[in-house]
Amino acid sequence: MLRFFFALCAAKLSRIAIKVLGRFTHTSGTNFPGVVAMKLCPDFLDRVAKPETIACVTGTNGKTTLCNMISDILEDNNYSLLSNRFGSNLDTGLATSLALDATLGNKSRSKIAVFEVDERSAIRVYTHVKPDYFICTQLARDSNRRNAHPYYIADIIEQGLPDTTRMILNADDIISASLKKNNPRVYYGIGKQPGDSAELRNLINDVRICPNCHSNVEYEYVRYNHIGKFRCPVCGLESPAQDYTVTEIDYENSRIKVSEPGGVMDLNLVSDSIFNLYDEIAAIAFLRDLGLPADALAKTLDKTKIVDSRYKKETYEGVTVISNMAKGQVATACSVAFDYVSQQPNDKELVIIIEDAHNAGKSSEPFMYIYDTDFEFLAKDDVVNVVAVGMRSQDLCLRMMLAGLPKERLKHVRTVDEVPDQLLLKPGTDVYILYDNYEVEKNEKTRALIKARLEGGK
């Protein structure tokens with residue numbers, strides 16, 4: 001016990017030292033205190049005080065947005081909340097959050113915790129921090145170098161989660177919907193909408209055959225990858241019934257209708273991106289199941305938005321600039337981003353910053369995913385100019401030419417400083433910056449350079 005309290009004090013002091021020394025960074029400020037605590041006391045996560053209710057959020061895509069959305073809504077409704085929204089989603093990141101929340105007498109200051117958890121860390125996290133709720137966005141193909149196949153990740157989660165955890169699962173994803181089959185569970189999803197098709201438009205689909213009997217499956221509708229409503233005609237395995245369903249989407253007025261066990265809610269549509277809509281209905285399902293009143297949820301959703309680091313839209317001198325994060329090395333995430341952009345009105349220019357520079361030199365694998373990514377969505381007449389950025393910008397241009405984009409519309413540069421000179425920046429034409437989650441600073445710099453050029457009248 002003495003060792004634990006020493007580790008708890010050391011973690012708190014390390015955070016103070018980092019701030020005093022001006023060394024607070026995304027890694028050191030949010031992860032280092034937990035590293036210290038777990039080095040000094042290997043069973044620190046077992047011993048540290050925890051809030052009464054713990055909810056953990058995971059998934060291949062969307063977990064940060066979903067975690068932030070849930071946290072914003074709970075805070076707006078005066079819940080005593082602990083989260084790792086600004087921290088690492090590994091075991092050491094959770095150790096940091098819990099250490100800083102605990103008093104020196106090892107009492108938790110918060111009533112509820114909402115933690116984003118890396119899907120590969122399930123065994124290291126859930127055996128020590130046992131969640132009362134587990135919310136999963138979806139499990140889809142990720143980087144082979146990081147996550148291999150989604151069924152492999154599902155198996156890791158299965159091994160880590162307790163049998164008592166209440167599951168909040170995406171009914172439109174048969175992989176995550178099948179997790180911990182004997183646990184109590186709630187399903188959410190999006191009902192069939194006008195324009196939904198049974199034909200897959202993506203290059204990849206992780207569930208072409210039934211996971212039970214290995215027969216070919218049929219889809220009533222499929223939105224991307226394997227996300228949709230499916231049924232096996234041989235063994236009868238099918239997507240589960242939804243407890244919380246987006247039944248109607250009014251894009252023009254940014255409203256959705258959600259069917260729930262108690263009736264129908266009319267709510268604000270936070271974003272017209274399909275990824276973010278799944279995040280929103282996941283948040284709704286969890287918060288209503290937690291007991292948040294429908295009127296309180298509706299009131300908060302009316303003022304909820306996606307954080308600027310994920311999506312930002314501004315107009316400078318008649319040119320609208322939209323930044324949209326797309327998780328690098330993940331074909332599904334990039335494909336959904338390209339599909340979203342292709343469906344937007346107006347002529348458009350694209351700046352693509354997905355060079356995966358943080359992995360450069362470590363492996364030849366990271367950039368293979370561009371050949372699973374649907375650049376074909378961009379082969380439209382209203383995509384008038386594309387600027388690829390980074391050391392692999394020529395690879396991106398080659399891939400886009402193979403997808404059918406004319407060579408004369410493609411440009412490649414090594415740095416974002418060169419981007420403004422390669423753009424047309426005509427009033428009425430929208431500029432989309434699509435960037436990897438490791439390239440936030442480059443996105444911000446690109447926006448600033450575009451704004452400076454437009455406002456400088458060059």
Side-chain angles (χ1 to χ4, degrees), residues 7 11 26-39 41-48 50-51 54-68 70-71 82-101 113-170 173 175-176 179-180 183 279 282 286 327-330 333 358-359 362 437-438:
H26 176 74
T27 300
S28 65
T30 62
N31 193 50
F32 184 71
V35 172
V36 170
M38 294 181 69
K39 284 286 186 182
C41 181
D43 61 349
F44 182 83
L45 277 176
D46 291 309
R47 293 179 175 273
V48 68
K50 302 172 184 69
I54 298 175
C56 290
V57 178
T58 198
T60 306
N61 299 293
K63 53 184 175 285
T64 301
T65 299
L66 174 55
C67 199
N68 288 340
I70 290 172
S71 298
L82 170 65
S83 77
N84 62 336
R85 66 160 81 216
F86 301 114
S88 164
N89 59 12
L90 306 177
D91 53 350
T92 49
L94 270 66
T96 297
S97 297
L98 290 166
L100 300 179
D101 178 68
V114 177
F115 292 136
E116 176 187 336
V117 179
D118 177 78
E119 56 271 29
R120 296 166 301 171
S121 301
I123 296 174
R124 296 199 305 271
V125 171
Y126 300 139
T127 52
H128 307 289
V129 180
K130 301 183 187 304
D132 300 287
Y133 292 89
F134 173 83
I135 308 119
C136 187
T137 58
Q138 84 288 118
L139 297 176
R141 190 177 308 189
D142 203 334
S143 161
N144 289 331
R145 184 171 181 267
R146 281 200 303 248
N147 280 12
H149 195 276
Y151 279 110
Y152 167 72
I153 298 302
D155 185 60
I156 291 176
I157 294 172
E158 284 267 353
Q159 294 178 51
L161 276 174
D163 294 336
T164 55
T165 298
R166 188 165 178 80
M167 313 290 284
I168 313 293
L169 301 173
N170 187 347
D173 169 27
I175 300 177
S176 61
L179 290 170
K180 300 294 288 186
N183 281 36
D279 287 337
F286 165 65
K327 188 176 180 183
Q329 301 182 57
V330 182
H358 61 290
N359 277 316
K362 294 182 182 178
N437 48 319
Y438 289 93

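Position 1 is the first residue of the sequence; numbering continues from there. Below, each value reflects all heavy atoms present in this structure, side chains not excepted, and no hydrogens, waters or symmetry copies.
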message = Between V129 and L98, is the side chain to side chain contact (heavy atoms under 4.5 Å, CB included) condition met? List the steps.
response = CA-CA 10 Å; V129 180; L98 290 166; 4.1 Å; yes
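At least one donor-acceptor pair under 3.5 Å links the side chain of D173 to the backbone N or O of L139. Judged by distance alone, the side chain of D279 and the main-chain N or O of N61 form no donor-acceptor pair under 3.5 Å. Of the possible donor and acceptor atoms, none in the side chain of K130 sits under 3.5 Å from a partner among the backbone N and O of H128.
Residues Y126 and G160 share a closest heavy-atom pair of CB-O, 3.2 Å. Between A113 and P51, the shortest heavy-atom contact is CB-CG, 3.7 Å.
Side chain to side chain, S176 and Q138 fail the donor-acceptor criterion of an N or O pair below 3.5 Å.
Under the 4.5 Å side-chain criterion, counting only non-hydrogen atoms from C-beta, F134 is in contact with L179. A 4.5 Å side-chain heavy-atom check between T165 and D132 finds every atom pair outside the cut-off. Side-chain contact between F32 and V36 is present, with at least one heavy-atom pair separated by less than 4.5 Å. Using a 4.5 Å cut-off on side-chain heavy atoms (C-beta onward), V114 and L82 make no contact.
Under 4.0 Å is where a charged nitrogen must lie from a carboxylate oxygen, and between K180 and D163 at least one such pair does.
Here C56 contributes atom SG and K63 contributes atom NZ; the two are 13.0 Å apart, rounded to the nearest 0.5 Å.
Checking I156, I157, L161 one by one against I123, the side chain to side chain contact (heavy atoms under 4.5 Å, CB included) holds for a single residue, I156. Looking at T92, N89, N84, D91 one by one, the single match for side chain to side chain donor-acceptor pair (under 3.5 Å) with N31 turns out to be T92.
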